[in-house]
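First the structure, in the form of structure tokens, and then the observations on it.
Here is the naming used below: chain letters follow the sequence lines, and residue numbers restart at 1 for every chain.
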Protein chains: 2
Amino acid sequence: MIRLTKQTDYALVLMTLIAASEPSEVQSATELAERARLPLPMAGKILKLLGREGLLVSQRGAAGGYRLAQGASETTVADIIRAMEGPIALTDCSSDSGAVCSLEESCPTCSTLRRVNRAVNDALEAITLAEMAGAKHEAREALSEPIA
Amino acid sequence: MIRLTKQTDYALVLMTLIAASEPSEVQSATELAERARLPLPMAGKILKLLGREGLLVSQRGAAGGYRLAQGASETTVADIIRAMEGPIALTDCSSDSGAVCSLEESCPTCSTLRRVNRAVNDALEAITLAEMAGAKHEAREALSEPIA
DNA sequence: CCATAGGGCACCGATTCGGTCCCATTTCGT
DNA sequence: ACGAAATGGGACCGAATCGGTGCCCTATGG
């Protein structure tokens, strides 16, 4: 249903939590799991993935944890989704790789889908982690206007 | 991966094919399946669904088939996706139904997701079947720019 | 040297997806 | 009136994906 997985959803929540704290100090998976009201194994799994994908920097050993790899304004929703689910492509057809579509005759669909895909991508690229982290207090007026 | 199912993909192709023909005359599932290079059972299943959802009008009996229920300019990509997959919602959180999110504390995510969701929705709502059907010949310059 | 915390991965049950098939019903043509 | 041609509505099945847990390893601070 054009929907992202729950794990991606959780990733957005976790990233938001991390972004909302002091950028320099690490936060443990246990802490974050509690605050996000997620089971520890789940949170751990997701944080590991986000680390491997370069969105988080991890500190191993006792008193370890995670912190953002970049500033909260440099990370977008699209980045997080890509880290969790791979390239953003609505269909096989709409991926950037020039994979040839098997539906030759009827493939104006392809070109249009590519366009749709781009619109979605842009929308996701436009929202930064900083906005999400700040949304709790401010950024309420930013919601009143439509996007596209 | 924020992707729609293959059946939805097929639905877009089939709808495009139907829209590209004379609006008044019906086309059989067999015909359409051939032109879309899809197995007949698949095409049939999808066409039935689109009919039930009100996007197509069916003519039963011999020499039967399908035609558009509305003008090609009135039907959008979003309509087709909704017919195939239900309401467009990136996450449980972002649906329009005011379903309460379980992640209370961290739920600025909710509001932001709602915004993302809306952007996606708007993008899909903006593309009509008429555009897709016409894209084969024109609308090529709209593609010349890279995607992401 | 040990408790703490992340790294990696295998694994499992449940759901969804892609696809096929069957049978009932409708309708045109002869 | 009858039969071929089409749609209508499901049931059904194998395969892939999803959500979630657990285990064992390595790193590190006290």
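- The side chain of S58(A) lies closest to dG6(C) when the candidates are dG6(C), dG18(C), dG8(D).
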Using the side-chain contact (heavy atoms from CB on, under 4.5 Å) rule, take L129(B) and T16(B) through it: C-alpha gap first, then chi angles, then the decisive distance, then the call.
CA-CA 6 Å; L129(B) 196 49; T16(B) 304; 4.2 Å; yes
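- Of the residues near DNA chain D, L40(A) and T30(B), the one whose nearest nucleotide (by heavy atom distance) lies more toward the 5' end is T30(B).
- dT16(C) atom P lies 10 Å from atom CZ of R3(A), rounded to whole Å.
- When side chains are defined from C-beta on, R35(B) does not count as touching L14(B), because their heavy atoms never get closer than 4.5 Å.
- At least one side-chain nitrogen or oxygen of T5(A) sits closer than 4.0 Å to the OP1 or OP2 atom of dG19(D).
- Nucleic acid contact class of G44(A) (heavy atoms, under 4.0 Å, all strands): none.
- Nucleotide dT21(D) holds its P atom 16 Å from the CG atom of L49(A), rounded to whole Å.
- When all heavy atoms of G44(A) and A29(A) are compared, the pair lying nearest together is CA-CB, 4.5 Å.
- Of all the heavy atoms in D79(B) and L55(B), the pair that sits closest is O-CD1, 3.9 Å.
- Residue L124(B) holds its CG atom at 10.0 Å from CG of N117(A), rounded to the nearest 0.5 Å.
- Atom CG of L56(A) is separated from atom C1' of dG6(C) by 12 Å (rounded to the nearest Å).
- Closest to the side chain of S28(A), from the set dG6(C), dG19(D), dT20(C), is dG6(C).
- Atom P of nucleotide dT16(C) and atom CD of E85(B) are separated by 13 Å, given to the nearest angstrom.
- If you take CG of L47(B) and C1' of dG19(C), they are 15 Å apart, rounded to a whole angstrom.
- In this structure, E85(B) contributes its side chain and T5(B) its backbone to a donor-acceptor pair below 3.5 Å.
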If you restrict it to nitrogen or oxygen atoms, what contacts under 3.5 Å exist between nucleotides 9-16 of chain D and the protein, and what is each distance?
unit_1, atom_1, unit_2, atom_2, d
dG9(D), OP2, R52(B), NE, 3.4
dG9(D), N7, K48(B), NZ, 3.3
dG9(D), O6, K48(B), NZ, 2.9

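- Ion pairing of E125(B) with R82(B) is present here, as a side-chain N (NZ or NE/NH1/NH2) and a carboxylate O approach within less than 4.0 Å.
- Straight-line distance from the CE atom of M42(A) to the P atom of dC18(D): 12 Å, rounded to whole Å.
- Pairing each heavy atom of L50(B) with each of A11(B), the nearest pair is CD1-CB, 4.1 Å.
- Note on G51(A): nothing from the nucleic acid sits closer than 4.0 angstrom, heavy atoms only.
- Atom NZ in K6(B) sits roughly 12 Å away from atom P in dT20(C) (whole-Å rounding).
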Just the table, please: protein N/O against nucleotides 28-30 of chain C N/O, every pair under 3.5 Å.
none

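- E53(B) and A83(B) make their closest contact through CG-O, 3.6 Å (heavy atoms, listed as atom of the first residue, atom of the second, distance).
- Side chain of E131(A) to backbone of T128(A): a donor-acceptor contact under 3.5 angstrom is found.
- If you measure from atom CG of D9(B) to atom C1' of dG19(C), you get 15 Å, rounded to the nearest angstrom.
- Side-chain nitrogen and oxygen atoms of Y10(B) include none within less than 4.0 Å of the OP1 or OP2 phosphate oxygen of dC17(C).
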